There are 2 protein chains.
Amino acid sequence: MSDFHSYQNPALTTDLVVFGYQGKTLSVLLLNRKSEPFKNGWTLPGAFVGLQETFSEACRRILASKLGLPSIYLEQLYTFDGPQRDPRGRVVSVAYFALVSQGKLNAVAGQMANDVRWFPVNEIPELGFDHRLIFDTALERLRAKIRYQPVGFELLDEKFTMPELQDLYESILGFPIDRRNFRRKLLDVGFVQPTGDKTEGLQHRPADYYTFNKQLHPQHFHLNL
Amino acid sequence: MSDFHSYQNPALTTDLVVFGYQGKTLSVLLLNRKSEPFKNGWTLPGAFVGLQETFSEACRRILASKLGLPSIYLEQLYTFDGPQRDPRGRVVSVAYFALVSQGKLNAVAGQMANDVRWFPVNEIPELGFDHRLIFDTALERLRAKIRYQPVGFELLDEKFTMPELQDLYESILGFPIDRRNFRRKLLDVGFVQPTGDKTEGLQHRPADYYTFNKQLHPQHFHLNL
DNA sequence: CCAAAAGTGTTTGCTTTACACCCATGT
DNA sequence: ACATGGGTGTAAAGCAAACACTTTTGG
């Protein structure tokens with residue numbers, strides 16, 4: 001990383017937009033930088049990618065080291081190659097976005113590196129490089145994608161209730177949805193299946209648990225919410 | 001390109017999937033290679049990208065040299081980084097897809113390099129590298145995109161008739177559409193505007209000409225065809 | 001028995017689909 | 001006048017949206 005400009009090809013990095021959903025809030029993982037450029041500022045987690053590594057492998061490596069989470073949902077987002085995006089020189093970033101569920105997150109809570117923090121998507125601080133653009137692109141993609149692919153489940157536990165799922169959809173999409181219509185639509189499409197058990201210990205009527213139907217063809221189906 | 005492996009970063013290329021629509025057929029531009037690897041085989045046009053150039057600039061350069069077409073619709077598709085995708089070593093390709101209209105194509109017909117040819121999308125020969133995968137990805141993207149963004153117009157002339165537009169949609173989507181419903185939907189959404197003039201010299205009733213409504217917000221709107 | 005949140009059906013309006021006849025032009 | 005392909009409206013069905021009351025639990 002020192003003799004940056006001696007390479008004949010642009011340097012390659014990957015940057016990660018990791019979304020998590022906790023306490024009815026959609027959040028993103030940010031990294032507090034310890035070195036220049038943008039020292040002490042916030043950026044997306046990322047890393048240089050070497051000759052022997054694919055971008056998704058590099059992402060897994062970052063996820064494992066920062067979160068102890070090697071296996072979560074990961075998808076290529078876009079490649080950013082503005083010539084001025086990195087003050088050190090020409091760096092091309094292949095950005096990915098990842099979704100992490102509450103359950104997986106709790107299971108490894110202690111392993112999270114202490115220079116990373118979750119920020120609600122409405123309270124993102126100023127970001128270094130072009131990471132604000134990358135973040136915006138990722139959020140837009142997530143919002144579009146949740147309408148026609150079952151990615152919401154990646155942000156919840158294996159078992160979840162309809163109100164939980166609906167809260168998630170509402171916080172991602174940003175508008176309220178009718179409870180009865182929401183439930184009917186998801187069941188009609190075959191997204192979810194009842195497990196048979198219910199919540200317990202709450203001071204009100206228990207909610208039925210559902211799971212995501214993994215038999216479903218991974219095709220597009222519009223939810224029209 | 002000779003001391004390929006001496007770089008410390010993977011080499012970067014861009015590959016282009018250029019779609020054209022001629023004679024009611026959607027076609028793709030392929031290049032007949034004059035050198036190894038895949039000598040005399042067909043591939044997508046592409047080029048190495050240097051330190052001083054962005055990917056989209058490299059695409060424009062290829063489009064200009066192969067087609068004499070510097071300004072056509074261009075969009076980043078996906079980044080392909082399989083470690084074995086190029087037999088020469090580690091090469092990462094940021095693929096783009098482009099759409100070229102009949103009119104622009106005719107205007108520069110003579111300038112097309114003689115090692116490139118149009119192939120109907122149903123008659124693609126075997127392709128070198130991972131270009132079959134890139135092509136499939138591009139066609140899938142175009143099919144999805146035409147349903148909610150006005151990209152079809154990029155493949156037609158400035159002025160076009162409803163039957164022309166419908167033929168285009170049918171050849172991209174691969175199924176027939178009701179003539180009356182198609183017309184009504186496009187007019188309702190505000191995609192197109194009548195110009196007032198009509199076709200001439202045909203042996204049947206003239207068709208009204210329309211243009212794409214460029215005032216339309218570039219947002220998503222589902223056509224639900 | 002009260003508070004809190006979850007479960008459940010029906011009606012209305014809108015969007016989508018299906019469908020057939022007349023019209024303008026050139027020969 | 002005929003052959004060719006383009007233009008137009010309506011009715012039926014399916015889908016989405018709006019809406020309120022009953023149920024289960026814990027305190």
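What you see is a predicted model; the values in this text were computed from it and never measured. Naming convention: chains lettered A, B, ... in sequence-line order (proteins, then strands); numbering from 1 in each chain.
What separates CZ of Phe182(B) from P of dA18(C) is a distance of 16 Å, to the nearest Å. Atoms OH (Tyr209(B)) and P (dA24(C)) sit 19 Å apart, rounded to a whole Å. Distance CG (Leu165(B)) to C1' (dG6(D)): 15 Å, rounded to an integer number of Å. When rounded to the nearest whole Å, the span between CD1 of Ile177(B) and P of dA18(C) equals 12 Å. Rounded to an integer number of Å, the gap from Leu187(B) CG to dG9(D) P is 12 Å. Between the CG atom of Asp178(B) and the P atom of dG7(D) there is a distance of 14 Å, rounded to whole Å.
For Arg180(A) and dA17(D), a side-chain-to-base donor-acceptor distance below 3.5 Å is absent, hydrogens and geometry of angles not being considered.
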Distances for protein N/O vs nucleotides 10-15 of chain C N/O pairs under 3.5 angstrom?
from    : atom 1 : to        : atom 2 : distance (Å)
dT10(C) : O4     : Arg184(A) : NH2    : 3.3

N/O-N/O pairs, protein side and nucleotides 2-6 of chain C side, under 3.5 Å:
none

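Two residues, Leu223(B) and Thr199(B), neighbour DNA chain C, and the one matched to the more 5' nucleotide by heavy-atom proximity is Leu223(B). Judged by closest nucleotide on DNA chain D, Tyr210(B) is the one of Glu200(A) and Tyr210(B) placed further toward the 5' end.
With sequence neighbours excluded, no residue forms a salt bridge (Lys or Arg N to Asp or Glu O under 4.0 Å) with Lys185(B). Applying the salt bridge (Lys or Arg N to Asp or Glu O under 4.0 Å) rule to Lys66(B) yields the partners Asp115(B); only residues at least two apart in sequence or on another chain are considered. Shown here are the salt bridge (Lys or Arg N to Asp or Glu O under 4.0 Å) partners of Arg85(A), two or more places apart in sequence or in another chain: Asp15(A), Asp130(A).
Of all heavy-atom pairs spanning Phe19(B) and Leu155(B), the tightest one is O-CD2, 3.5 Å. For Ala58(B) against Val49(B), the heavy-atom pair with the smallest separation is CB-CG2, 3.7 Å.
A 6.0 Å sphere centred on CD of Glu158(A) holds no more than 12 heavy atoms belonging to other residues, nucleotides or ligands.
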Pair Lys104(B)-Asp157(B), salt bridge (Lys or Arg N to Asp or Glu O under 4.0 Å): steps then yes or no: CA-CA 8 Å; Lys104(B) 282 203 176 131; Asp157(B) 294 347; over 6 Å; no

Working for salt bridge (Lys or Arg N to Asp or Glu O under 4.0 Å), residues Arg132(A) and Glu126(A): CA-CA 8 Å; Arg132(A) 179 74 208 192; Glu126(A) 191 173 347; over 6 Å; no

Hey, can you pull the donor-acceptor pairs under 3.5 Å for the side chains in residues 165-175 of chain B, sequence neighbours left out?
from      : atom 1 : to        : atom 2 : distance (Å)
Gln166(B) : NE2    : Glu170(B) : OE2    : 3.1
Gln166(B) : NE2    : Ile177(B) : O      : 2.6
Asp167(B) : OD2    : Lys24(B)  : NZ     : 3.0
Glu170(B) : OE2    : Ile177(B) : N      : 2.7
Ser171(B) : OG     : Asp167(B) : O      : 2.9
Ser171(B) : OG     : Leu168(B) : O      : 3.2

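Residue Lys185(B) has a polar side-chain atom (N or O) positioned under 4.0 Å from OP1 or OP2 of dT17(C).
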